[in-house]
K.L.:
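Pasting a structure below so you can have a look.
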Amino acid sequence: MKKLVVVTGGTGFIGSHTTVELMEAGYEVLIIDDLSNSRIEVLEGIEMITGRKPMFEKFDLCDRGKVMDCFKNHPGIAAIIHFAAHKAVPESVDKPLMYYENNLLSLINLLEAMKEHGIKYFVFSSSCTVYGQPDTLPVTETSPIKKATSPYGNTKQIAEDIIQDVVSAGDPVEAILLRYFNPIGAHPSALIGELPIGIPLNLVPFITQTAIGIREELKVFGDDYNTPDGSAIRDYINVVDLSRAHVVSIERLLAGKNKSALETFNLGTGKGLSVLEIINTFEKTTGVKINYRIVDRREGDIEQVYADTNLANNELGWKATISLEETLRSAWKWEQYIRQENNG
């Protein structure tokens, strides 16, 4: 019998790609999503890639009663992957209470439901933002957790603390925390990808929307950082590579191969790239010029961060393998596909 995995936020960017990877690995998937930052049509893309649709429930995870009812109606859940959260750094600076309420209450409700319904395994979508501006690079899993530079980052730190406390309290929960660096790209089929509602807050969708003419220009936030070209540096990882790490994590938990009840892994490429390097590589790879302008730094942003991935590579048995050029081509292919669909 195929094992059932719940994917919260499964119609979102990383959630949809992870759903595809889980289904192609033989799992049944139940997506829970309120569609506040995604579209129901994503389910069609998942079905076109995998040949079948995942189960889907639409509700807000902050509603504890609905979480409990959902788990009651779907017995036999083997594990949960929790993506669903507000995730924009600038928005969190403007609307901190919205972020604390949504990101923490949804987690608490899920952990309560796991306890109530005897679900043991949990994979949490965390972030490299928990490290703040690191003292040394690359960042390892034992690097100090710095004071968060944004409410979004703080919700990830608090969420990790909550999970740690639940495990330490002796609740029958085993968890893996996956600290993402910067996911970009799209599925090679171009049937699913990153589709922000409104103005994009992430770099690559803003690049592709500028390239296709939806946005007049791309703003580069700062060219006076202490980096080789003055723009901020991040570790950009292909979303399919990232998604595969979740399948590996689920299999690790289900097989009892985890070394402790709580494990943490960095997910990145191990290489830092600047904003201007990403723009230049996109232009070279696609042949499309980007109209961009340097503006002031953005509040909440850090100067540079990239991962030490040795633990994930050696212990988790996972490694990012897809090139930056291929990743940017997939993002551009997705942008062209979605505009053609919308215009058609």
K.L.:
Going by atom types only, do Asn238 and Thr327 share a side-chain donor-acceptor pair under 3.5 Å?
P.N.:
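Result is yes, a qualifying pair exists.
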K.L.:
Should we say atom CG of Asn314 is surrounded by more than 12 heavy atoms from elsewhere, each under 6.0 Å from it?
P.N.:
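For Asn314, atom CG is crowded (more than 12 foreign heavy atoms under 6.0 Å).
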K.L.:
Measuring only between side-chain heavy atoms, which start at C-beta, is Ser260 closer than 4.5 Å to Val167?
P.N.:
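Result no, sub-4.5 Å side-chain heavy-atom pair not found.
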K.L.:
Can you check whether Phe265's main-chain N or O pairs, donor with acceptor, with Glu141's side chain at less than 3.5 Å?
P.N.:
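Here the side-chain-to-backbone pair does not exist.
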K.L.:
Side chains of Thr269 and Tyr306, heavy atoms from C-beta outward: is any pair under 4.5 Å?
P.N.:
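Heavy-atom side-chain distance check fails, nothing below 4.5 Å.
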K.L.:
If you measure only the distance, is there a donor-acceptor pair under 3.5 Å linking the side chains of Asn266 and Tyr131?
P.N.:
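Indeed, the side chains of Asn266 and Tyr131 share at least one donor-acceptor pair under 3.5 Å.
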K.L.:
Tell me, do Glu116 and Phe71 make a side-chain contact under 4.5 Å, heavy atoms counted?
P.N.:
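Answer no - side chains too far apart.
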K.L.:
Can any side-chain N or O of Asp33 pair as donor or acceptor with the backbone N or O of Leu35 at less than 3.5 Å?
P.N.:
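Looks like yes, one N/O pair under 3.5 Å.
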K.L.:
Can a donor-acceptor pair be found, under 3.5 Å and without considering hydrogens, that links the side chain of Ser150 to the backbone of Gly153?
P.N.:
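Yes; judged by distance alone, with no hydrogens or angles, the pair exists.
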K.L.:
Please tell me if the side chains of Ile46 and Val29 come closer than 4.5 Å, counting only heavy atoms from C-beta onward.
P.N.:
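No, their side chains stay 4.5 Å or more apart.
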K.L.:
May I ask you to test the Tyr337-Leu191 pair for a side-chain heavy-atom distance under 4.5 Å?
P.N.:
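Yes, at least one pair of side-chain atoms sits under 4.5 Å.
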K.L.:
Can you tell me if His187 uses its side chain to pair, donor with acceptor, with the backbone of Ser189 under 3.5 Å?
P.N.:
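Present.
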K.L.:
For residues Glu112 and Met68, determine if any side-chain heavy atom of one lies less than 4.5 Å from a side-chain heavy atom of the other.
P.N.:
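A side-chain contact under 4.5 Å exists here.
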K.L.:
According to a hydrophobic-cluster definition based on side-chain heavy atoms being under 4.5 Å apart (Ile, Leu, Val, Met, Phe, Trp, Tyr only), do Leu276 and Phe206 belong together?
P.N.:
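Yes, Leu276 and Phe206 fall within the same hydrophobic cluster.
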K.L.:
For Leu195, run the side chain to side chain contact (heavy atoms under 4.5 Å, CB included) check against Thr11, Ile338, Asn37 and tell me which one passes.
P.N.:
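Only one of Thr11, Ile338, Asn37 forms a side chain to side chain contact (heavy atoms under 4.5 Å, CB included) with Leu195, namely Ile338.
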K.L.:
Ser243 and side chain to side chain contact (heavy atoms under 4.5 Å, CB included): which partner among Val20, Leu267, Thr19, Thr18?
P.N.:
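It is Thr18, the one option of Val20, Leu267, Thr19, Thr18 that forms the side chain to side chain contact (heavy atoms under 4.5 Å, CB included) with Ser243.
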K.L.:
Nearest 0.5 Å, please: how far is CZ in Arg179 from SG in Cys128?
P.N.:
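The SG atom of Cys128 sits 10.0 Å away from the CZ atom of Arg179.
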K.L.:
If you measure only the distance, is there a donor-acceptor pair under 3.5 Å linking the side chains of Gln304 and Thr227?
P.N.:
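There is no such pair (donor and acceptor under 3.5 Å, judged by atom type) between the side chains of Gln304 and Thr227.
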K.L.:
Does Ala148 offer a backbone N or O that forms a donor-acceptor pair with the side chain of Asn154 under 3.5 Å?
P.N.:
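Side chain of Asn154 to backbone of Ala148, a donor-acceptor pair under 3.5 Å: no, none is there.
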K.L.:
Can you find a side-chain donor-acceptor pair between Tyr152 and Glu91 that sits under 3.5 Å?
P.N.:
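No, because no side-chain N or O of Tyr152 sits under 3.5 Å from a partner of the opposite role on Glu91.
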K.L.:
Is Asp34 reaching over with its side chain to a backbone N or O of Phe59, donor-acceptor style, under 3.5 angstrom?
P.N.:
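No, because the side chain of Asp34 does not come within donor-acceptor range (under 3.5 Å) of the backbone of Phe59.
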K.L.:
How far apart are the C-alpha atoms of Arg252 and Glu315, what are their side-chain angles, what is the distance that settles it, and do they pass the salt bridge (Lys or Arg N to Asp or Glu O under 4.0 Å) test?
P.N.:
CA-CA 10 Å; Arg252 181 178 178 85; Glu315 181 59 44; 2.7 Å; yes
K.L.:
For the side chain of Ser330 and the backbone of Ala186, is there at least one donor-acceptor N/O pair under 3.5 Å apart?
P.N.:
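Here the side-chain-to-backbone pair exists.
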K.L.:
Side chains of Arg297 and Asp224: closer than 4.5 Å at any heavy-atom pair?
P.N.:
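Of all side-chain heavy-atom pairs linking Asp224 with Arg297, at least one is under 4.5 Å.
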K.L.:
Does atom CD of Gln133 have more than 12 heavy-atom neighbours, drawn from other residues, nucleotides or ligands, at distances under 6.0 Å?
P.N.:
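Counting neighbours around CD of Gln133, more than 12 heavy atoms of other residues, nucleotides or ligands fall under 6.0 Å, so yes.
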K.L.:
Is the closest side-chain heavy-atom distance between Ile214 and Thr208 below 4.5 Å?
P.N.:
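No, side chains not in contact.
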K.L.:
Verify salt bridge (Lys or Arg N to Asp or Glu O under 4.0 Å) between Glu335 and Arg339, making sure each step is shown before the conclusion.
P.N.:
CA-CA 6 Å; Glu335 185 70 57; Arg339 297 311 151 195; 2.6 Å; yes
K.L.:
Taking atom CE as the centre, does Met48 end up with more than 12 heavy-atom neighbours from other residues, nucleotides or ligands that are less than 6.0 angstrom away?
P.N.:
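12 or below, so no.
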K.L.:
Within a 6.0 Å radius of atom NZ on Lys146, are there more than 12 heavy atoms belonging to other residues, nucleotides or ligands?
P.N.:
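Above 12, so yes.
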K.L.:
Would you check if the distance from the ring center of Tyr180 to the ring center of His246 is below 6.0 Å?
P.N.:
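Judged by ring-centre distance (under 6.0 Å), Tyr180 and His246 do meet the cut-off.
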K.L.:
Got more than 12 heavy atoms from elsewhere within 6.0 Å of CD, Glu303?
P.N.:
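Yes, enclosed.
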K.L.:
Thr8 side chain to Phe83 main-chain N or O, any donor-acceptor pair under 3.5 Å?
P.N.:
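Answer holds: yes.
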K.L.:
Between atom CD of Glu263 and atom OG of Ser249, what is the distance when rounded to the nearest 0.5 Å?
P.N.:
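The distance works out to 8.5 Å.
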K.L.:
Once the angle between the rings of Phe13 and His17 is folded into 0 to 90°, is it parallel (under 30°), tilted (30 to 60°) or perpendicular (over 60°)?
P.N.:
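Perpendicular, since the angle between the ring planes exceeds 60°.
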